[in-house]
Amino acid sequence: MTDGLIPPGKYFMQGNIACAEAALIAGCRFFAGYPITPSNEIAQWMSYRLPQVGGHFIQMEDEIASIMAIIGASNAGVKSMTATSGPGFSLMQENIGFGMMIETPCVIVNVQRGGPSTGIPTLVGQGDMMQARWGSHGDYEAIAYVPNSVQEFFDLTIKAFNAAEEYRQPVIVLADQTIGHMYGPLVVPPHEEIKIVNRKLPNVPPGVPDFKPFDAKYEVAPMALAGMGYRIHVTGLTHDEKGYPYYTHEVSTWCVKHLVSKIRNNAEKIWEVERFTLDDADIVVITYGITSRPAYQAVKVARSEGIKAGMLRLITVWPFPEEVVRKVSEQAKVILVPEINMGQMIHPIREVAECLVIGLSWAPGAVQTPDVILDAIRSVSR
Amino acid sequence: MPKEVLATKHPDDELIRADRIPHIWCPGCGIGIVMKCYVEAIKRSGIPPERHVVVSGIGCSSRLPGYMNIDSYHTTHGRAIPFAVGMNIVKPDLEITVIAGDGDLVTIGGNHFIHAIRRNHNFNVVLVNNFTYGMTGGQYGATTPIGSKMSTAPYGMIEYSFNLPLLVASLGAPFVARWTTLHIRQLTDAILKAMKVNGFAFIEVVSPCPTQYGEDNNFPTGMDMMKYFREACVVEHEADLRKVDIDLRPGKPLIVGNFVHIEKPSYNDMDRKLIEIAMKGRKPYG
């Protein structure tokens with residue numbers, strides 16, 4: 001018996017299904033979503049599996065409703081998730097910002113497809129990297145993880161729930177069509193070995209005078225939930241520690257700085273990267289997601305040709321691991337940035353890199369072949 | 001000379017955030033009356049205040065939760081209902097009431113509104129219909145009566161408006177009512193009834209907005225609109241809902257009443273059954 005959760009063991013599984021099973025292990029018990037390719041398998045599998053573990057699934061009328069439903073459920077104390085793709089992700093943006101402002105843990109999985117607009121629903125894209133960071137109006141710090149395998153889609157989904165609970169904010173998993181639809185090996189570790197984080201709840205009883213749901217003495221305040229008796233007020237307006245709206249520069253300064261500081265102060269803990277033959281590399285390919293797979297092959301072949309090539313793979317893209325990239329750039333002559341877009345993550349890389357940065361933009365619809373990246377490595381090595 | 005203090009405590013202090021007063025509403029506005037009726041209904045509901053939750057969107061009416069001393073959520077424009085949907089599904093024992101305006105609930109939020117009724121989610125919706133966007137400056141919306149002069153309809157409103165009781169009833173809501181801010185007892189009773197309904201309970205409250213609607217449309221003060229309510233309102237619980245369109249011209253009746261009150265399973269009931277079935281035949285991982 002595993003309480004209905006997927007037992008530990010080896011599996012051969014689709015990325016989207018692995019994501020859904022990971023969410024259940026992480027403690028997700030509410031899913032609201034709207035059909036959209038190529039994320040559909042997540043919602044379909046959740047509709048089948050969530051009720052088996054006592055959770056709730058609902059298909060909403062659109063993605064705006066989906067993100068709002070998971071924010072509502074999370075404010076009642078239930079770990080919640082939605083899954084979508086580019087067009088749906090665009091629709092969610094206003095209320096991702098609402099989730100940031102009222103500090104609500106939840107997970108948004110974006111299985112990216114080709115864009116812009118309706119684009120290529122069934123084929124790969126990486127066009128939402130910047131939207132994940134800047135998509136909603138106003139200041140906040142996004143957390144976004146990018147998997148490059150079925151296993152990592154599983155692992156990062158759990159990590160996303162943990163980060164959401166720890167920092168009390170929406171967290172994004174930026175998968176893509178290829179990772180979502182790919183079948184691959186998955187190892188589910190013994191459940192007791194999987195780290196699960198649950199949000200902190202207030203440590204004072206309801207009814208204490210002057211209770212502050214956003215108490216400034218905490219970096220991340222314990223979360224009072226609906227029905228616990230704290231009688232809180234929660235608003236998307238600029239608010240003070242009590243949750244009350246105030247239109248002053250002073251309160252705005254506290255409110256906005258609080259939202260960004262809780263992530264900026266912990267960025268190094270959130271950063272995750274993979275390094276491959278970087279030690280003496282003077283040509284560094286910085287990649288993320290599915291693009292890292294042809295890049296890995298290209299770097300291997302380049303090495304066999306005597307080129308000092310290496311790869312830095314960003315697993316956390318937001319907050320941007322700027323210190324890691326800067327250090328790598330100190331010894332590199334050239335950084336190559338292959339992306340399935342017309343140049344997005346190249347911008348924060350260029351902002352911190354101390355060497356030449358060259359973008360290898362690639363239109364959505366297909367993953368780069370290793371040759372594309374290898375040719376670029378060869379040409380800059382000459 | 002210091003004024004004599006007659007009372008240091010208001011009987012509604014338990015349910016109102018006195019530290020948030022004064023409120024933002026204009027003289028003659030009806031939203032405060034709706035709030036008082038909601039407070040009375042909570043008191044009479046027998047449900048402890050800790051289990052009551054009020055959810056709103058954006059607008060004048062949506063500021064109401066900010067003054068209520070219960071768990072209160074002021075969400076984004078038009079999205080109070082999906083927020084309440086998520087909260088209600090995972091915590092059905094909360095007594096959730098959505099209170100927001102016509103622009104919020106049925107104009108920008110129209111899609112969420114119709115689908116929440118169709119699915120029969122178990123919460124109450126009190127829609128304060130003042131025919132306009134008060135907070136942003138008197139623009140027209142989906143309930144603005146045809147012909148009205150609005151800040152974005154200076155030549156007069158050319159669109160037809162919603163007949164809300166007919167719309168909501170057609171979607172199968174188990175409770176549908178319309179009252180005005182003149183009908184404080186009937187409105188309080190209706191909110192109380194709504195709290196006891198298993199499923200979607202809808203109350204349209206017609207409310208004056210002298211500042212942004214009334215001034216250009218023959219109701220320059222709150223009192224003018226209240227006088228109109230007294231003269232025009234006809235209580236007709238069994239009304240033919242095809243005939244309850246709002247027409248503010250002199251001589252036309254404003255039909256109010258508790259129009260629909262039926263029983264049917266709520267979304268929570270269906271969801272609970274589904275989970276029971278799924279857990280019993282649990283596969284593939286036992």
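Note that the structure is predicted; figures quoted are calculated from it, not measured. Letters A, B, ... are given to chains in the order of the sequence lines, protein chains preceding strands, and every chain is numbered from 1.
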Looking at side-chain heavy atoms only, is the closest gap between A:V53 and A:R29 below 4.5 Å?
yes
Checking [X] against chain B: side chain, backbone, both or neither under 4.5 Å from a heavy atom?
| X | answer |
| --- | --- |
| A:P206 | neither |
| A:I67 | neither |
| A:I70 | neither |
| A:A32 | neither |
| A:M101 | neither |
| A:Y246 | side chain |
| A:N75 | both |

is_close_aromatic([X], [Y]), centroid dist under 6.0 Å:
| X | Y | answer |
| --- | --- | --- |
| B:F200 | B:F123 | yes |
| A:F57 | A:W45 | no |
| B:F83 | B:Y73 | yes |
| B:Y67 | B:Y38 | no |

Counting only heavy atoms closer than 4.5 Å, note whether [X] contacts chain A via side chain, backbone, both or neither.
| X | answer |
| --- | --- |
| B:R63 | side chain |
| B:I89 | both |
| B:R119 | side chain |
| B:D271 | side chain |

Apply the side chain to side chain donor-acceptor pair (under 3.5 Å) test between B:E204 and each candidate in B:T143, B:N129, B:N163; give the one that qualifies.
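That would be B:N129; it is the only one of B:T143, B:N129, B:N163 passing the side chain to side chain donor-acceptor pair (under 3.5 Å) with B:E204.
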Out of [options], which one racks up the most heavy-atom pairs below 4.5 Å with chain A?
| options | result |
| --- | --- |
| B:R79, B:K91, B:K280 | B:R79 |
| B:N88, B:V54, B:V90, B:I81 | B:V90 |
| B:I96, B:N69, B:V85, B:I58 | B:N69 |

Where does the angle between the aromatic ring planes of A:Y183 and A:F12 fall among parallel (under 30°), tilted (30 to 60°) and perpendicular (over 60°)?
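Ring orientation of A:Y183 relative to A:F12: tilted.
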In terms of heavy-atom contacts, does NZ of B:K264 have more than 12 from other residues, nucleotides or ligands at under 6.0 Å?
yes
In terms of heavy-atom pairs under 4.5 Å with chain B, which of A:V78, A:I58, A:D62 leads?
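Greatest number of close heavy-atom pairs with chain B: A:I58.
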What are the two closest non-hydrogen atoms of A:K242 and A:F211, and how far apart are they?
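Closest heavy-atom pair between A:K242 and A:F211: NZ-O, 3.4 Å.
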Distance under 6.0 Å and angle within 45° of the ring axis: does B:R20 meet both against A:Y244?
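Checked: cation-pi criterion met.
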